[in-house]
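Contents: one structure, followed by commentary.
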Amino acid sequence: MGERKKSKFVKWIASGKVNKRLCIFTFMLIPVALLIVFTFIPFVNMVGFSFYDMKYLGDREFVGLKNYADVFSREDCFQALKLSLYYIAASFIQLALALYFASVLSFKTKGGGIFKGLMFFPYLVCGIAVGFIFKFFYTRGFVLDTVLQWCGFDLENLPYWLKDTSINNISVAATSVWRYMGQNMVLFIGAIMSVDASLYEAADIDGASAWHKFWYIIFPSIKTIIVLNLILAITGSLSVFEPPYVITNGEFGTGTYFVIMDRLAHASQKVGLASAMAIVLLVIILIATVLQKVAFKYFFGDGDEEAIRTVRKRKKLERQRAMAQGMQSDAAKGGAGI
Amino acid sequence: MTTEIYWTKKVRRIVVTVLKYLTLLLGGFIAVLPMAVCVITAFKSPEEYASSNVMDLPKSWTYFDNFVQAWKSANMGLAFRNSAMILVVVLIGSILTGSMLAYVLDRFKFFGNGLIRNLFLVASLLPGIAMQVSVYQIMYTLGWINSLPGYMVLMCGTDVISIYIFIQFFENIPKSLDESAIMDGCTYFGVFFRILFPLLKPAIVTVMILKGVSVYNEYYMANMYLQDKNRYVTVATSLFKFTGPMGSQYNYICAGVIITMLPALIIFILCQKQIYSGLTQGAVKG
């Protein structure tokens with residue numbers, strides 16, 4: 001009797017619908033719980049914290065929007081966002097370099113694998129190690145200075161790379177290019193490789209130059225991934241943390257927004273103010289992301305849909321074509337480009 | 001006339017080729033230089049380090065005292081053991097949970113499917129550093145400060161990229177495979193563990209590499225949540241030892257840096273192809 005009951009129970013569990021629900025529930029339990037506990041509860045808490053003057057322990061005092069006012073009025077908080085400009089510039093240079101090396105290395109090159117490996121490896125180095133490597137690299141009279149002296153520069157005329165406020169942010173941003181260029185390059189190589197190889201062969205037969213091959217074949221086919229990386233570069237530059245944190249610890253005016261926030265939260269225990277800083281930046285990042293998504297849709301379309309700009313262009317062309325006979329040839333020329 | 005064109009073309013090609021290799025050499029040189037100088041310095045004795053230029057080659061390439069010293073003072077034996085434990089647990093945990101979640105999200109239509117996908121997507125927009133302001137308080141409440149298991153659980157959490165890699169992979173496995181197994185009396189759990197999971201191998205390798213690199217190199221949270229550096233030091237945080245009084249003895253520091261880089265270098269040389277393809281896959285959707 002008991003056995004039959006049990007087998008009935010097993011059957012019930014194993015039956016399609018119940019089994020399906022059980023499976024959905026158990027498989028989602030852990031990941032969703034982790035997501036809620038470590039991302040969404042902290043987020044809600046953080047919004048709450050931002051209205052209080054508080055430390056992690058002890059009393060808290062409700063201060064309303066004072067923390068937000070402080071973020072914008074304090075000298076060290078919002079001002080730090082200006083440093084993002086250095087990192088935006090750096091990430092554009094990084095993408096340009098990555099694109100160049102990717103297009104070179106996608107074709108037969110002697111030692112291509114080695115160059116690719118050498119330029120990619122910095123990506124795998126631990127952040128703290130990168131910090132030490134570049135503290136050493138930039139120290140007065142050490143690596144960089146020696147190399148520049150070989151090139152004929154005088155040590156007297158060289159700045160202190162990490163202390164001189166006119167150049168130290170560039171030095172620090174350069175390390176980020178050093179570290180992530182290779183990763184971008186590998187992504188671009190992947191995208192270029194996925195282009196139909198017969199296109200390149202056809203171009204070779206037609207005698208196309210390297211520049212033409214880049215501009216007419218490579219660039220259009222990896223446009224999407226380039227734009228995606230540009231978007232990531234802009235949001236990433238707003239939230240730069242690691243390079244200044246590990247190299248200068250934010251001293252000598254290199255403290256980016258998040259370095260300041262980290263210091264306020266964990267060293268000075270101004271948790272309320274730090275939370276307000278985090279929320280302000282999150283809002284900025286969200287706005288930036290949405291704007292960029294809209295712009296992206298406008299220029300490149302959304303998967304199967306045509307880009308709005310292309311549609312407009314074509315409609316305009318059609319109108320022009322209908323309007324005047326004389327303009328027809330010009331419009332057709334433009335039309336061929338689409 | 002035609003020979004002239006032929007020659008200008010040839011000259012142009014040679015110039016382009018020379019420029020190409022020059023830029024490649026320059027790029028490679030800049031990428032390697034900072035690390036190469038570290039290697040040089042790690043082989044210099046303290047006196048030699050003090051007296052020679054940083055770019056001078058060391059007198060002997062078999063002078064390992066710096067490495068021994070760095071290993072001992074930063075307690076790297078313990079660090080490697082802790083990091084290995086963290087890696088094993090976090091990789092198993094996140095691969096299991098990630099692939100299970102991907103299976104459910106890809107194979108079943110149910111209320112909340114889209115919502116959960118979006119929650120994970122939104123989570124990826126929140127910068128991790130900013131979240132730590134209040135995650136710290138949660139970890140404190142849970143009593144997980146200075147707790148290796150606590151840190152492991154935290155590291156298993158949200159990771160959109162690996163979930164996407166798994167979902168992408170499931171999309172390419174035909175559903176008829178599941179259906180025929182169900183017809184044969186297999187449960188949905190059975191379908192996942194007996195049939196689909198073994199097929200996931202390439203995706204698992206990809207996730208292992210991507211996640212492995214990020215866990216091995218993670219230092220910010222490790223530094224914050226594993227504060228007792230005598231017991232819970234990891235390879236990445238062991239380097240913090242060199243920030244204090246040893247702050248300018250770069251012969252030791254460089255040796256320490258090289259030691260922490262070695263595992264990454266070995267993995268890189270062994271699985272170059274998987275690392276490249278893993279990155280490319282991870283980026284397509286991420």
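This is a predicted model, so every value here is computed, not measured. Residue numbers start from 1 in every chain, and the chains themselves are labelled A, B, ... in the order their sequence lines are given, proteins ahead of strands. Excluded from the calculations below are hydrogen atoms, water molecules and symmetry mates; all remaining heavy atoms, backbone and side chain alike, are included.
Listed here is the closest heavy atom pair of B/Pro34 and A/Trp178: CG-NE1, 3.7 Å. Here the shortest heavy-atom pairing between A/Phe27 and B/Val104 reads CB-CG2, 3.3 Å. What you find for A/Leu118 and B/Ala31 is that their closest heavy atoms are O-CB, 3.5 Å. Scanning both residues, A/Phe132 and B/Tyr250, for their nearest heavy atoms gives O-CE2, 4.1 Å. Taking all atoms of both residues into account, the shortest heavy-atom contact from B/Tyr103 to A/Cys23 is CE2-SG, 3.8 Å. Taking both residues in full, the closest heavy atoms of B/Leu101 and A/Pro31 are given as CB-CG, 3.9 Å, listed atom of the first, atom of the second, then distance.
Proximity to chain A is limited to the side chain of B/Val213, based on heavy atoms less than 4.5 angstrom apart. In this structure, the portions of B/Leu25 lying under 4.5 Å from any heavy atom of chain A include both its backbone and its side chain. For B/Ile275, the part lying under 4.5 angstrom from a heavy atom of chain A is the side chain only. At a 4.5 Å heavy-atom cutoff, the contact between A/Tyr100 and chain B is made by side-chain atoms alone. Residue A/Phe142 touches chain B through both its backbone and its side chain, counting heavy-atom pairs closer than 4.5 Å. Looking at A/Phe115, only its side chain comes within 4.5 Å of chain B, counting heavy atoms on both sides. Contact annotation for A/Leu282: only side-chain heavy atoms (C-beta onward) come within less than 4.5 Å of a heavy atom of chain B. The part of A/Met261 that comes within reach of chain B is its side chain, from C-beta onward, which places non-hydrogen atoms under 4.5 angstrom from that chain. Residue B/Tyr220 touches chain A through its side chain alone, counting heavy-atom pairs closer than 4.5 Å. Using a 4.5 Å cut-off between heavy atoms, A/Ala129 touches chain B through backbone and side chain atoms alike. In this structure, the portion of B/Ile138 lying under 4.5 Å from any heavy atom of chain A is its side chain and not its backbone. Heavy atoms closer than 4.5 Å to chain A are found nowhere in B/Ile267, neither backbone nor side chain. With a 4.5 angstrom heavy-atom cutoff, A/Ile30 touches chain B only via side-chain atoms. When heavy atoms are compared at a cutoff of 4.5 Å, A/Leu105 approaches chain B solely by way of its side chain, counted from C-beta outward. For B/Leu239, the parts lying near chain A are the backbone and the side chain together; criterion is any non-hydrogen pair under 4.5 Å. Within the 4.5 angstrom heavy-atom criterion, no atom of B/Arg13 approaches chain A. With a 4.5 Å cut-off on non-hydrogen atoms, B/Ser214 does not touch chain A at all. Residue B/Val235: no heavy atom, backbone or side chain, is found under 4.5 Å from chain A.
Below 30°, between 30° and 60°, or above 60°: for A/Tyr245 and B/Tyr219 the angle between ring planes is below 30°, a parallel geometry.
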Full working for side-chain contact (heavy atoms from CB on, under 4.5 Å) between B/Tyr21 and A/Thr109:
CA-CA 9 Å; B/Tyr21 282 102; A/Thr109 305; 3.6 Å; yes
Checking ring-ring contact (aromatic ring centres under 6.0 Å, His included) for the pair B/Tyr276/A/Phe120: CA distance, chi angles, key distance, verdict?
CA-CA 9 Å; B/Tyr276 292 148; A/Phe120 174 75; 5.3 Å; yes
For B/Phe189 and A/Thr26: C-alpha separation, side-chain torsions, deciding distance, then whether side-chain contact (heavy atoms from CB on, under 4.5 Å) applies.
CA-CA 10 Å; B/Phe189 293 92; A/Thr26 46; 3.3 Å; yes
CA sep, side-chain torsions, deciding dist, call: B/Phe110, A/Lys20, side-chain contact (heavy atoms from CB on, under 4.5 Å):
CA-CA 10 Å; B/Phe110 57 92; A/Lys20 200 186 215 171; over 6 Å; no
Could you walk me through whether B/Val37 and A/Phe136 pass the side-chain contact (heavy atoms from CB on, under 4.5 Å) test, one step at a time?
CA-CA 9 Å; B/Val37 181; A/Phe136 183 54; 3.5 Å; yes
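The side-chain heavy atoms of A/Ile133 and B/Met261, taken from C-beta on, include a pair separated by under 4.5 Å. Proximity of B/Met35 to A/Val125: side-chain heavy atoms (C-beta onward) are separated by under 4.5 Å at one or more points. Between B/Leu33 and A/Phe137, some side-chain heavy-atom pair lies under the 4.5 Å cut-off.
Atom CD1 of B/Ile116 sits about 9.0 Å away from atom CG of A/Leu35, to the nearest 0.5 Å. Considering CD1 of A/Ile24 and CE of B/Met100, their distance stands at 13.0 Å, rounded to 0.5 Å. From A/Ile114, atom CD1 reaches atom CG of B/Leu24 across 11.5 Å, with rounding to the nearest 0.5 Å. Taking CE from B/Met139 and CZ from A/Phe38, the interatomic distance works out to 5.5 Å, rounded to the nearest 0.5 Å. Atom-to-atom distance recorded for A/Phe49:CZ and B/Gln137:CD is 3.5 Å, nearest 0.5 angstrom. Interatomic distance, B/Thr97 OG1 to A/Leu29 CG, rounded to the nearest 0.5 Å: 11.0 Å.
When the shell of 6.0 Å around NZ of A/Lys270 is examined, it contains 12 or fewer heavy atoms from other residues, nucleotides or ligands. Heavy-atom neighbours of B/Arg12 CZ from other residues, nucleotides or ligands within 6.0 Å: at or below the threshold of 12. Within 6.0 Å of atom CZ in A/Phe25, 12 or fewer heavy atoms from other residues, nucleotides or ligands are found, so the atom counts as exposed in its surroundings.
Of the listed residues (B/Leu119, B/Thr260, B/Leu96, B/Asn223), the one with the most heavy-atom contacts under 4.5 Å to chain A is B/Leu119.
With a 6.0 Å cutoff to the six-membered ring centre and a 45° limit on the axis angle, B/Lys20 does not count as a cation-pi contact of A/Phe107.
Side chain of B/Asn217 to backbone of A/Leu124: a donor-acceptor contact under 3.5 angstrom is found.
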